[in-house]
There are 2 protein chains.
Amino acid sequence: MATSGRRGPYICGIDAAMDVVSGKWKSLILWELHHHGIRRFAELRRGLPGVSEKMLIQHLREMEEDGLVHREVYREVPPKVEYSLTEHGVSLNAALAPLGEWGTDRIRRIGADRVPVDAAGPARR
Amino acid sequence: MATSGRRGPYICGIDAAMDVVSGKWKSLILWELHHHGIRRFAELRRGLPGVSEKMLIQHLREMEEDGLVHREVYREVPPKVEYSLTEHGVSLNAALAPLGEWGTDRIRRIGADRVPVDAAGPARR
DNA sequence: CGGTATCCTTTCAGATACTG
DNA sequence: CAGTATCTGAAAGGATACCG
């Protein structure tokens with residue numbers, strides 16, 4: 001297998017979609033590219049604080065392979081490569097939107113009514 | 001930290017949502033519980049071919065901790081435990097629906113114009 | 001600038017055996 | 001029936017150094 005994890009066979013649609021977005025940075029890359037349209041490698045790197053070059057390129061390659069991301073290479077010096085979303089990438093982003101809203105709500109709730117797990121106490125056991 | 005992976009801090013909503021659904025079986029557990037309403041441990045196990053007891057209970061615990069799943073214990077012999085979705089679990093499922101459709105489309109496309117990765121050959125490399 | 005290559009650590013997942 | 005405990009291997013992720 002080339003660079004990817006599994007790519008099928010899948011039990012259901014969620015399964016297939018999750019396979020394609022799973023990876024620590026993929027949803028963030030999607031988000032970055034969706035909001036900026038086109039980004040260079042170093043720009044993405046700066047937009048994703050904490051990502052290593054290895055992980056960034058690895059995720060970008062997988063996403064390219066999965067048809068989500070387009071990679072445009074300009075053969076000049078210094079080198080220049082631009083990344084953008086394909087139609088599929090755009091549609092995935094749209095499909096991800098409700099989940100994003102759910103997550104945003106969740107962050108609000110956690111901040112409000114949840115304790116950091118350890119101080120909580122004897123709800124169970 | 002108890003059983004979970006990270007649980008925040010999050011960069012955006014998608015990030016938070018992905019954290020909660022990532023794990024090999026979580027989306028499938030969600031699906032099972034959504035369609036059957038209530039399921040016992042052994043029923044879930046049978047409904048998720050290939051899952052080990054360890055992974056199943058681990059995912060169920062995390063999902064309970066995350067407020068997605070309700071665990072009802074009947075103190076009788078033989079033991080009986082029923083799992084069901086909470087309101088949050090139901091809303092997450094709803095938020096996941098468009099992603100599921102996207103994935104279903106994707107499976108169709110892959111089946112149509114893509115070969116199983118190994119026999120494929122020189123698209124790249 | 002935009003990557004590779006290498007090594008290393010951490011996390012995830014599966015199998016097996018045992019318990020209330 | 002519904003778990004818990006432990007061990008092992010595989011995979012994901014990260015740090016660092018170097019290359020065209």
Side-chain angles (χ1 to χ4, degrees), chain A residues 1-7 11 15 18-29 32-33 38-66 69-84 124-125, chain B residues 1-7 11 15 18-29 32-33 38-65 69-84 117 124-125:
Chain A
M1 205 168 294
T3 47
S4 351
R6 31 190 294 261
R7 321 289 119 148
I11 296 173
D15 198 15
M18 290 301 298
D19 187 26
V20 150
V21 266
S22 70
K24 198 168 178 181
W25 305 96
K26 287 194 183 172
S27 57
L28 269 17
I29 292 173
E32 272 286 309
L33 290 180
I38 293 180
R39 298 242 93 179
R40 297 183 59 175
F41 185 81
E43 291 175 330
L44 279 172
R45 191 151 149 59
R46 278 190 292 275
L48 273 31
V51 75
S52 67
E53 291 180 352
K54 177 191 156 189
M55 291 319 297
L56 182 53
I57 194 66
Q58 186 175 305
H59 282 158
L60 283 169
R61 292 279 201 245
E62 289 179 15
M63 293 168 81
E64 188 193 355
E65 199 172 317
D66 288 334
V69 162
H70 174 68
R71 180 168 175 267
E72 186 74 38
V73 182
Y74 297 85
R75 285 205 135 277
E76 41 184 71
V77 280
K80 177 178 164 186
V81 179
E82 288 181 344
Y83 293 92
S84 56
R124 190 205 342 273
R125 281 208 107 40
Chain B
M1 204 169 293
T3 47
S4 350
R6 32 190 293 261
R7 321 289 119 147
I11 295 174
D15 197 16
M18 288 302 298
D19 188 27
V20 150
V21 263
S22 70
K24 197 169 175 181
W25 305 95
K26 287 192 182 172
S27 57
L28 268 17
I29 292 173
E32 272 286 310
L33 290 179
I38 293 180
R39 298 242 94 179
R40 297 184 58 176
F41 185 81
E43 291 175 330
L44 279 172
R45 191 153 149 58
R46 277 191 293 275
L48 272 33
V51 74
S52 68
E53 290 180 354
K54 177 190 157 189
M55 291 320 297
L56 182 54
I57 194 65
Q58 186 176 304
H59 282 158
L60 283 169
R61 291 279 201 244
E62 289 179 15
M63 293 169 80
E64 188 193 357
E65 198 173 317
V69 162
H70 174 70
R71 178 167 176 267
E72 186 73 38
V73 182
Y74 298 85
R75 284 204 135 279
E76 42 184 70
V77 280
K80 176 178 163 184
V81 179
E82 288 181 344
Y83 293 91
S84 56
V117 182
R124 192 221 311 289
R125 284 201 129 39

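So you know, we letter chains A, B, ... as the sequences are listed, proteins then strands, and number each from 1.
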Under 4.0 angstrom between [X] side-chain N/O and [N] OP1 or OP2:
{"X": "R40(B)", "N": "dC1(D)", "answer": "no"}
{"X": "R61(A)", "N": "dG2(C)", "answer": "no"}
{"X": "R39(A)", "N": "dG2(C)", "answer": "no"}
{"X": "H59(A)", "N": "dG13(D)", "answer": "yes"}
{"X": "W25(A)", "N": "dA12(D)", "answer": "no"}
{"X": "R71(A)", "N": "dG3(C)", "answer": "yes"}

* Asked: Hey, which of L28(A), L56(A), V51(A) is the one that makes side chain to side chain contact (heavy atoms under 4.5 Å, CB included) with L44(A)?
  -> L56(A)
* To do: State which residue, out of M55(A), R61(A), E53(A), fulfils the side chain to side chain contact (heavy atoms under 4.5 Å, CB included) condition with I57(A).
  => R61(A)
* Asked: For the base of dG13(D), is there a side-chain donor-acceptor partner from K24(A) under 3.5 Å away?
  -> no
* Base of dA15(C) paired with side chain of K54(B) (donor-acceptor, under 3.5 Å) -> no
Could you state the [atom1]-[atom2] distance from [X] to [N], rounded to the nearest angstrom?
{"X": "L44(B)", "N": "dG3(D)", "atom1": "CG", "atom2": "C1'", "value": "14 Å"}
{"X": "E43(B)", "N": "dA2(D)", "atom1": "CD", "atom2": "P", "value": "8 Å"}
{"X": "L56(B)", "N": "dC12(C)", "atom1": "CG", "atom2": "C1'", "value": "16 Å"}
{"X": "E53(A)", "N": "dC19(D)", "atom1": "CD", "atom2": "C1'", "value": "12 Å"}
{"X": "I57(B)", "N": "dT6(D)", "atom1": "CD1", "atom2": "P", "value": "17 Å"}
{"X": "Q58(A)", "N": "dA15(D)", "atom1": "CD", "atom2": "C1'", "value": "14 Å"}
{"X": "E82(A)", "N": "dG2(C)", "atom1": "CD", "atom2": "P", "value": "9 Å"}
{"X": "L60(B)", "N": "dC1(D)", "atom1": "CG", "atom2": "C1'", "value": "15 Å"}

* **E32(A) side chain near R39(A) side chain, heavy-atom distance below 4.5 Å** => yes
* Asked: Heavy atoms under 4.0 Å, any strand shown: does Y83(B) hit a base, just sugar-phosphate, or nothing?
  -> sugar-phosphate
* In Å, rounded to the nearest 0.5 Å, how long is the span from NZ of K54(A) to NE2 of H59(A)? -> 10.0 Å
* When you check the gap from the basic side-chain N to the acidic O, do E65(B) and R7(B) get nearer than 4.0 Å? -> no
* Structure fact -> The residue, S22(A) or P78(B), whose nearest nucleotide of DNA chain D is more 5′ is P78(B)
* Structure fact -> Per atom distances to the P79(B) side chain, the nearest of dC1(D), dG14(D), dG3(C) is dC1(D)
